[in-house]
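Report on one structure; see the data block that follows.
All values below come from the heavy atoms of this structure, side chains included, with hydrogens, waters and symmetry mates left out.
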Amino acid sequence: MFSGIDEVDWASMEHAYGPADDVPDLLRGLASDDPAEREAALDGMYGAVHHQGDVYACTLACIPFLFELVEDPGVQDRGGVVELLTSIGGFDLDEDDEAEFDEDEIEGAANYAMAAAAVTAGAGVFFELIADEDPGVRLAAPLALATLHRHPVRVLALLRERLPVEPEEEVRLALVEAAGRVALRHRPLAGRVAKWLNRLAGRAHSPGLRLAALAQLARCSPDGLPGDVVPVVAGLLREMRSAPEECGDRGDGGGHAPPGATAAREDDEPEPGPDAEPVEPEPVTAAETCRGEHVTTPTLVGQLRSSAAQEAAGRGAPWAADLLRTLHVGLDDRVGDRTALLADQLRSPDRRQRIDAVRMSGGLIRAWRGPYEELVALVGEQLSDPEPRLAEAASHVLEELFDLAAPAADALAARLAADPGGWVKTWASGPPGLGSTVKALARLGDARAVPALAAALELPQVAHDVGFAVGHLGAAARPLAGALRRRLAEVALDEGAYDRASPLLAGLTGLRAGEAAPEVLRVLRGAPEYRGEWLRTAALRALGSFGPAAREAVPDLRALVRRPGTASATEAAEALWAISGDAEAVLPALIEGLRSDQVHDRRAAAVALGALGPRAAVVAPRLRGLLEHEELWLRVDAAIALWEVSGRPEETIEALLTAWERSRHVRVRVAECLARMGPVPQGSAAAHVLRSELASVRRHNAMDGGYGSHDIHEDEKLLALCRQALRGTGKGTTT
């Protein structure tokens, strides 16, 4: 094995962490008899040689030796090597991808293309591995074939032949998943695959296999799903709970066949003609069960496997959650079906299934709009469960819902009262933070969160997010003003002042607690050099929120305004206007702010000028000139300010609607302005845009592969503003 490995000039190549002269040892480690050494070597391959999916020259040089490993039956854990090869070779570049690469990326693109060609050229070996004696190899081989082989018709035929004789249940599920991947990569075969999947879903197979068939059908041909898919899936889940399956239990009444055995096709459907053209494959994920004894190692791969093993411990069907997630992805915008399915899962006696359902409920609500009252109430019921992982998962989901968490308000309050130890979370490093139950209740504006916040304000170090929670509670948190003032007065104005004072200033800002002006002025005047600009910004925002109640700050603010062209001058001008209403004192500084070299400063000046309204009409020409600026957000802020100072919506609406179509990120800001303009004329372009947004089922800020903690809140805010703009109540806000 490894003939010629020492003849490769590894030292001339690099991987993610430097010279690749350690690659031969990693390759030899993959063939070691020591399980820990094998896992450490695999971790090194993913961590350096194939770091985050990258392909280097040394990655290419490894491919022949990796194939040697998977072909040698004496090597253990070859399934992991098959997955590594699938990941290295499973990246397709189409013409659109190639057109986007700049000169610095051309070499990397060439490496991807060469890796795909090299691994695809050797993919025939996976035909033999699909009947290997090692179940871990058989688990990885189907997806390798579906992802890499050039002849999908042959692959599909083999998958169908292998299914009736495969003894391991999880490998059978991998065969079905591979068929779904074939359908996704080779769309002309999708109809044929869908017919087979429908037959599998309807026959007397194990419930897990039928669920797998439905999940893949949802991915590749959702229109082919049965109309009663929700009760069908619910029934399958009940079957799995009543008769849990173990790895190796076929569950379909057939006898076990030895590896390598074959069987006739399950139907007489003729094969299609020429092979279809491939399309880009989906990312490959590793399956970790049915692999034999696991050895824990201090590596990333080891930690992931250990985590997966803990998650699967005690489950009769540890793969069921993955199948359900796949099914939900395939159901896509069928919110009603997905909600009904999750509601059934949340009523399950199986806690693990409820944990999965809670997490999937969060994903559904985060991406799609819909009526979620029943689902949220069911998530709230999990808060009282004695299983800590279930209650914690539920509280984290509810934390992100803001007003949508209302059906769970009583459950949150009960959880809060029962678990005072969870009010504040502490970490090994960094400041403490509020527990998710406290934040969820506070974001509802529920006064029952106040005692927890009061307790948090008495701790030696205040939670970093306590101020935001106070802001959401508003007037309900008014009893906390005294504690906020007292703690702010105690803050030492040294290098740590910003971290200690900013949550207190945010809370006072949310309460508009003008009586705290002396304490805030102390911070403004004594802000240290380190993070002093951030601290002054927070203090100025607080003073501005106090309005006329902060009149004693006027001399300090006038002094800051006299330094035009600085960020603090603009922020001081905003505060001075809010407190004194003296337009003549603030206009020069704000006009100077519009000339700043920094886009952020120009945006701040535009927003501040808009707040002056007609008193700042003199700047209309300057704002009009910014409507063509290259920075989208500056165009939006300038357009809104132009309407506010001129009172003429017609010249700004076009700019706002253009920005709306250009970027979803500006939509809340634009909708706020449209709502304040009054009733949007029926039949206008603005009315059409707003109605189109309201008709969309997908949230405007839903992202694939990521999300923000305030995404649901922002989208619900957008919907409310759209309705308000169409009704014409004229009560929108730009804050």
### Query
In terms of side-chain heavy atoms, does Gln216 have a donor or acceptor partner in Arg219 at a distance below 3.5 Å?
yes
### Pairwise distance CZ(Arg727) to CZ(Arg723) - rounded to 0.5 angstrom
8.0 Å
### Query
Taking the inter-plane angle between the rings of Phe402 and His713 on a 0 to 90° scale, is it parallel (under 30°), tilted (30 to 60°) or perpendicular (over 60°)?
parallel
### Message
Using a strict threshold of under 4.0 Å (side-chain N to carboxylate O), is an ion pair present between Asp711 and Arg699?
### Response
no
#### Entry: Separation between OG1 of Thr339 and CD1 of Ile365, rounded to the nearest 0.5 Å
7.5 Å
#### Entry: Any side-chain donor near an acceptor of the partner, Thr537 and Glu571, under 3.5 Å
yes
### Gap separating the CZ atom of Arg622 from the CG atom of Leu609, nearest 0.5 angstrom
10.0 Å
### Pair Arg615 + Glu584, salt bridge at N-O below 4.0 Å
no
### Residues His396 and Glu400: side-chain donor-acceptor under 3.5 angstrom
no
### Task
Search all heavy atoms of Leu594 against all heavy atoms of Ala605 and return the closest pair with its distance.
N-CB, 3.7 Å
### Task
Verify side chain to side chain contact (heavy atoms under 4.5 Å, CB included) between Val636 and Val670, making sure each step is shown before the conclusion.
CA-CA 7 Å; Val636 169; Val670 171; 4.2 Å; yes
### Message
Within a 6.0 Å radius of atom CH2 on Trp534, are there more than 12 heavy atoms belonging to other residues, nucleotides or ligands?
### Response
no
### Task
Check step by step if side chain to side chain contact (heavy atoms under 4.5 Å, CB included) holds for Leu508 and Val470.
CA-CA 8 Å; Leu508 292 168; Val470 169; over 6 Å; no
### Query
Leu214 and Leu225: which non-hydrogen atoms are nearest, and at how many Å?
O-CD2, 3.6 Å
### Task
Evaluate side chain to side chain contact (heavy atoms under 4.5 Å, CB included) for His600 paired with Glu631, printing each intermediate quantity in order.
CA-CA 10 Å; His600 176 270; Glu631 171 58 42; over 6 Å; no
### Task
Scan Glu714, Glu672, Glu693 and name whichever one has a salt bridge (Lys or Arg N to Asp or Glu O under 4.0 Å) with Arg667.
Glu693
### Message
Going by side chain to side chain contact (heavy atoms under 4.5 Å, CB included), name the residues that satisfy it together with Arg648, two or more places apart in sequence or in a different chain.
### Response
Arg624, Ser646, Glu650, Glu651
### Query
Atom CG in Leu634, atom CG in Leu626: separation rounded to 0.5 Å?
5.0 Å
### Message
Please check: side-chain N/O of Ser596 versus main-chain N/O of Gly593, any donor-acceptor pairing under 3.5 Å?
### Response
no
### Query
Does a side-chain N-to-carboxylate-O contact under 4.0 Å join Arg603 and Asp637?
yes
### Message
Ring of Trp368, cation from Arg698 - is the NZ or CZ under 6.0 Å from the centre and inside 45° of the axis?
### Response
yes
### Task
Let me see the working for Leu341 and Leu327 under side chain to side chain contact (heavy atoms under 4.5 Å, CB included), right down to the final yes or no.
CA-CA 10 Å; Leu341 180 56; Leu327 179 63; 3.8 Å; yes
#### Entry: Between OG on residue Ser696 and CZ on residue Arg369, distance to nearest 0.5 Å
5.0 Å
### Query
Is Glu533 salt-bridged to Arg536, cutoff N-O under 4.0 Å?
no
### Task
For the pair Asp465 (side chain) and Leu434 (backbone), establish whether a donor and an acceptor sit closer than 3.5 Å, ignoring hydrogens and angles.
yes
### Task
Show the numbers, then the answer: is there a salt bridge (Lys or Arg N to Asp or Glu O under 4.0 Å) between Glu628 and Arg635?
CA-CA 7 Å; Glu628 303 298 327; Arg635 295 201 301 271; over 6 Å; no
### Task
Verify the distance criterion only: is there a donor paired with an acceptor across the side chains of Arg354 and Gln382 at less than 3.5 Å?
yes
### side-chain hydrogen bond (donor to acceptor under 3.5 Å, both in side chains) contacts in which one or both residues fall within residues 407-416, not counting sequence neighbours
Asp410-Arg448
### Task
Verify, without hydrogens or angle tests, whether Arg338 (side chain) and Asp332 (backbone) share a donor-acceptor contact under 3.5 angstrom.
yes
#### Entry: Electrostatic pair Glu374:Arg347 at N-O distance under 4.0 angstrom
yes
### Message
Between Ser221 (side chain only) and Leu217 (backbone N and O only), is there a donor and an acceptor less than 3.5 Å apart?
### Response
no
